[in-house]
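So that the names make sense, note that chain A is the first sequence line, chain B the second, and so on, each numbered from 1. No hydrogens, no waters, no symmetry mates; every other heavy atom, side chains included, goes into these values.
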Amino acid sequence: MAAKYREFQQLNLPSIEAEILEKWNREQAFEKSVSLREGAAPFVFYEGPPSANGMPGIHHVISRALKDLVCRYKTMQGFQVKRKGGWDTHGLPIELGVEKELGITKEDIGKKITVEEYNQKCREAVLRFKDKWDNLTQKMGYWVDLNDPYITFDNSYIETLWWCLQRLYKKGLLYKSVSIQPYSPAAGTGLSSHELNQPGTYKDVKDTSAVAMFKAVRNAESAFLYNAAEKAEGAGAEVYFMAWTTTPWTLPSNLGLTVGANIDYVLVRTFNPYTHLPVNVVLAKALLHKYFKPEHENGDFAAYDPAGKALPWSILAEFKGKALEHLRYEQLLPYPANTAEKSGGDPFRLLIDNFVTTEDGTGIVHTAPAFGADDYKVGKKYGIGILTLVDREGKFVDGLGEFSGRYVKNYKDQPDYVDVNVDISVKLKKENRAFKVEKYEHSYPHCWRTDKPVLYYPLDAWFIKTTAIKDRMVELNKTINWKPKATGEGRFGNWLENMVDWNLSRSRFWGTPLPIWRTEDGSEEKCIGSIAELNAEIRKANEVLGGDINHHYLHDGILDLHKPYVDEVVLVSESGKPMRREPDLIDVWFDSGAMPYAQWGLDQEKLERGEDRPFKAPFGQNFPADFIAEGVDQTRGWFYTLHALGALLYDNVAYKTVVSNGLVLDRNGNKMSKRLGNVVDPFSTIEKFGADATRWYLITNASPWDSLKFDLEGIKEVQRKFFGTLYNTYQFFALYANVDGFAFREAPIPVQERPEIDQWILSSLQSLVKEVTAAFDDYEPTTAGRLIDEFVDEQLSNWYVRLCRRRFWKGEYSTDKISAYQTLYTCLETIARLAAPVTPFFSDWLFGNLNSVTGKHALESVHHVLYPKADESLIDKGLEERMQLAQDASSLVLSLRKKVNIKVRQPLQRILIPVLDPAMKTQIDKVEDLILSEVNVKEIQYLTDADGFIKKKIRPNFQALGKRVGSKMKAVSAAIGNFNQADISQLEKEGSYSLEIDSEPLILQIHEVEITSEDIPGWMVSSKGALTVALDVTVSPELEQEGNARELVNRIQKIRKDNGYELTDRILVRLGQAGPLEASFRQFAPYIKAEVLADELEVVDSLQDGMAIEVNDQPVTVWVDRSPQSQ
RNA sequence: AGAUCCGUAGCUCAGCCUGGUUAGAGCACUACACUGAUAAUGUAGGGGUCAGCAGUUCAAAUCUGCUCGGGUCUACCA
């Protein structure tokens, strides 16, 4: 007996998935999908490594679904797609997790716990949830190689990172410099931005703020200020720049004043409120109100009363910030420690930068390069040098007179602490150098461990000189295909434009150590690029410095490149001095950015030959990536570091296409967080609804890059609508194909010999294949999914299957029936393949169910076969168009029936369709039978112009006409609106029509208007677009009788079903007490018998044991039993 | 604070790039129909100042600017 298509009680996605998963594992389906394509063109994919020290969330499902579907699609397109998995294992979250677990802080490391033990803990914690991740990977159907992942803490991985760093070092792109970082003097350590973002670090505090006055140096550049000041009679001679600060302790370190180029500034004549001396001050015009009262403008300067509140002022000049650039001023608080020479630059000048605002202060920013990132940046730009007059404990250095040795904030909890900021302010007041001193409340960051205020402090750090190749990176970025485009041009593009050098240094314990050894004075250094090199250097050091040094490493090979071991290694410089390792670790983002190289590790032979790319195979075929995908939050993370390293190391892009997916929010649009308790557990979601439904929902609901409001209701809908429909269609097919034993053994019937409707669905299917392929090729899976969704629902299930149902269950196993089976089979199998990238389980299941019976494909998994290719020869747009007409016409008729309340079972005589052009009639003609049977009407009559029934409507074709007439459009439109029926026919007959618009002639062409039929006088019509349909709603006695017969058939079918008869059972029917219905039943007896499979239909006068039913509100008694032949 | 994305029906989204006059789907809701796919399906209906304002244009959901609201990233700064 032939194999049967599997039939099911109901759709159960999770159980299908379990079954398919088991099959994949058994058959090594993933491995096979790669090995089958051996020798084929590679499609290179990079897996962004997740960190397995936290639980995976639903947002991981979307990015992985995205990655998976692209890889599966490309595999089906014939490419070989290797997918090496990876784990990100270093970094602060892991350290923090370990500290929390052990109940320790950073200070305890090296005291309560050794670095060795600490790092061992980190190593253990790193893959804590690896099982969960692997489990999710499996369950969601993400095909990635988990057997041989790259792990960033592996020696071979770190070794490759070292090699990369050394390459940068050799190119002169690695340098040590200071950078301004958050620093906690109380804790004696720098803080990362992550630490600064701990809750509660920003606190509202009241600080002493001061507006200091910097005296302008009089010279040629500043002449315009002094001249303006002197013009005003009786004004003081001196000009001051006003600058505000909330940290007066930074004033001794001041080296510049920064203004905004386009900000309006004014020179104001007034008095110093403390010394009452006449002064001229410069500040932003927009901030005048903060210091001066409008009513005192142009007040009486001569009558100024120092004791009174009234401070007269007047504007002497107004100018843009640009005019102030390069002006010089006298140092505010000169001391031996802060002379211009000690600054190392050319300080005390006015600078321009765009960070200046007029929100607060004076619009002139006091700039102390050591204590602010902006200050440092602008200071560097202008070369004003740098002064760090506060030491690491937070106190002033020597050489600052009365302030030396004082803490700038109360870091030591001194009970008698006197605020040095107040003292500085008082000094300024006395020296006529302060305009306003007051307490100011603002939000300021505090160290999350000591609760003391942070200060921004220059710390040594190693940098990669990314700015050196900024232009090249921008250029390379333009060749990358970004999805969405805006992220690449906007967010990423801007980021590149504003790039700063990459600060690599991290003062941590668990991470990749910087492979640089230096002599104590920093005059000699070495950057190590491999383990072999390190060993050689160790041996050398042992020889030069003596055998005791590095005694742990006398053997070959270092067991662990992490701290503390590498820190114990002492190397020797060229001149024979000992060198120690720079204590920093590197930014974990370097780890992941270097994964294209480090995932393979170094090839020792290539290394020895000094090759440019000494990485193990298959690096050669795996760089750059064709495709990567991660969340948008990686734009400045992984996307950036990959790009930077690709450009820095090999002047190449690291990836050709990048898809950045948006966030997953909860159903109300809030970010998911543990705190809010609105996180969606991916495991239970998949378990309950299935991975495919989840994937389909995630992909089709919104473009991957839009943020997605995750709602379980949406998954349910997808389950019901898409999967339910597709499953039903399959189930329908299987049911009848099994009855008829269809196994696609017959030769395919040439498509042009199949019925019109088969040709149509196949044409639509090929169009679908074309569009879906285009969408996937363009990395638009949402479009692809929606197209498939629509086809399955609207075309296949709702039209093709519905209209063709009878073909499957009626009659013999004829050519027509075989055609129907072949057509539906092709549709189902093609859909399985089209959707396979998104719905890997269901597609494989569907494909398997079909293929196991027909054996049409030698390969048993849908993921091993090729993606469908559109057969253009089967696409018939005319056919698709007329089927659309049929659907529209049917819909219109049903809508008319609805309006007059005549049910579809009641046959009607005719519909009228006005046709304005012969082509339309030809089109409808071909689908006439479909329309008639669908709406249960006997005939279609076409009304043409000649009949004179049609009333036409004319409308301008704005698109065509607008281009030509432009601004006359309104007048033309009005003129057309006034057309009568005669005008319209004239235009139709002659193809053009002369108008007069604004007393100018205008020839209207026929293609510049749209003519539709509006009405058929005396009929009820309905229309959609150019199609208008009228329905004859007269129910003649004949039609009524037929309607009764149909109604009876419906009742008997119900009885059959209620009685539980088999589809093929034949029955006997008796009808009694039929009254007025009797005539109907007698007349249509043959029809009724055929429909309900009755061997006998008797209409009797009286029936005793029948069932009382109603047919069109008329009572009748009916008796049904199985025919003896069926029993 | 800056950059960027988003704002269309009660909800989820198309349409916007390339302007064209009645703004579409699905879900939900209401009514009806179908009943040999049946815990399925269909049809119809109500439901919109296309966030707001201004501009460009004969014509704006669509292009431009601004404002408001939401998300994200980067900052946190005198």
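Within the nucleic acid shown, A:Gly962 comes within 4.0 Å of at least one base atom, counting heavy atoms only. Among the protein residues, A:Lys968 comes within range of no part of the nucleic acid, since none of its heavy atoms lies under 4.0 Å from any strand. Within 4.0 Å (heavy atoms only), A:Val972 reaches no atom of the nucleic acid at all. Contacts of A:Arg802 with the nucleic acid, taken as non-hydrogen atoms under 4.0 Å apart, include base atoms. A:Leu257 comes within 4.0 angstrom of nothing in the nucleic acid, heavy atoms only. Across all strands shown, A:Phe371 has no heavy atoms under 4.0 Å from either base or sugar-phosphate atoms. The residue A:Arg720 sits close only to the backbone: its heavy atoms come under 4.0 Å of sugar-phosphate atoms, none of a base. Residue-level contact check: A:Asn798 touches the backbone only, with heavy atoms under 4.0 Å from sugar-phosphate atoms and none from bases.
For the pair A:Asn661 CG and B:U72 P, the interatomic distance rounds to 15 Å; values are reported in whole Å. Separating the CG atom of A:Leu892 from the P atom of B:A44 is a distance of 8 Å, rounded to the nearest angstrom. Whole-Å rounding puts the A:Asp374 CG to B:G2 C1' distance at 11 Å. If you take CG of A:Asp353 and C1' of B:G2, they are 13 Å apart, rounded to a whole angstrom. In this structure, the CZ atom of A:Phe639 is 13 Å from the C1' atom of B:C73, given to the nearest Å. In this entry the distance linking CG of A:Leu1002 with P of B:C58 reads 16 Å, nearest Å. Computed from coordinates, the A:Ile699 CD1 to B:U12 P distance equals 19 Å when rounded to whole Å. At whole-Å resolution of the value, CZ in A:Phe733 and P in B:A40 are 24 Å apart.
Side-chain atoms of A:Ser797 come within donor-acceptor range of the base of B:A37, with a qualifying N/O pair under 3.5 Å.
Residue A:Tyr697 is the one, among A:Tyr697 and A:Ser891, whose nearest nucleotide of RNA chain B lies closer to the 5' end (criterion: closest heavy atom). Between A:Thr247 and A:Glu1047, the one whose closest nucleotide on RNA chain B sits nearer the 5' end is A:Glu1047.
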Pair pattern of RNA chain B in dot-bracket, where unpaired bases get dots and | marks partners in another strand, Watson-Crick or G-U under 3.5 angstrom: (((((((..((((......[...)))).(((((.......))))).....(((((..]....))))))))))))....
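Contact between the side-chain N/O atoms of A:Asn701 and the OP1/OP2 oxygens of B:U12 is not found at any separation under 4.0 Å. The phosphate of B:U57 has neither OP1 nor OP2 within less than 4.0 Å of any side-chain N or O from A:Ser967. Look at A:Arg805 and you won't find any side-chain N or O under 4.0 angstrom from OP1 or OP2 of B:G36.
At least one side-chain heavy atom of A:Val937 sits less than 4.5 Å from a side-chain heavy atom of A:Arg897. Using a 4.5 Å heavy-atom threshold, the side chains of A:Phe722 and A:Thr700 count as separate. In this structure the side chain of A:Tyr640 reaches within 4.5 angstrom of the side chain of A:Thr466, judged on heavy atoms. Side-chain contact between A:Tyr457 and A:Phe371: present, with at least one pair of heavy atoms (C-beta onward) separated by less than 4.5 Å.
B:G26 sits 16 Å from B:A9 when the P atoms are compared, rounded to a whole Å. Going from the C1' atom of B:A51 to that of B:C5 covers 16 Å, rounded to whole Å. Here the separation of B:G10 from B:G47, taken at their P atoms, is 11 Å to the nearest Å. Distance noted for atom C1' between B:U56 and B:U64: 7 Å (whole Å). Taking atom P on both nucleotides, B:U8 is separated from B:A3 by 24 Å, rounded to a whole Å. As rounded to the nearest Å, B:C53 and B:A61 have C1' atoms that lie 16 Å from one another. Taking atom C1' on both nucleotides, B:G71 is separated from B:C58 by 39 Å, rounded to a whole Å. Between the P atoms of B:G45 and B:C27, the separation comes to 15 Å (whole Å).
The listed nucleotides are B:G26, B:G36, B:A37; the one nearest the side chain of A:Leu1093 is B:G36. When distances are taken from the side chain of A:Tyr456 to each of B:A37, B:C76, B:G42, the shortest belongs to B:C76. Considering only the side chain of A:Lys970, B:C58 comes nearest among B:C58, B:C77, B:G36. For A:Gln959, counting side-chain heavy atoms from C-beta on, the closest listed nucleotide (B:G26, B:U22, B:G20) is B:G20. Closest contact between the side chain of A:Met969 and the listed nucleotides B:A37, B:G20, B:C77 involves B:G20. Residue A:Val904 has its side chain nearest to B:A33 when only B:A33, B:A40, B:G42 are considered. Closest to the A:Glu717 side chain, of the nucleotides B:G26, B:A28, B:A37, is B:G26.
Taking the centre of each ring, A:Tyr697 and A:Phe710 come in below the 6.0 Å mark.
In terms of heavy atoms, A:Gly256 sits closest to A:Leu351 at CA-CD1, 4.4 Å.
Ring geometry for A:Tyr730 against A:Phe733 counts as tilted: the plane angle lies between 30° and 60°, on a 0 to 90° scale. Ring geometry, A:Phe492 versus A:Trp482: the interplanar angle falls from 30° to 60°, so the pair is classed tilted.
Under 4.0 Å is where a charged nitrogen must lie from a carboxylate oxygen, and between A:Arg1051 and A:Glu1047 at least one such pair does.
Checked options A:Thr245, A:Asn254, A:Thr258, A:Asp375; the residue passing with A:Thr367 is A:Thr258 (criterion: side chain to side chain donor-acceptor pair (under 3.5 Å)).
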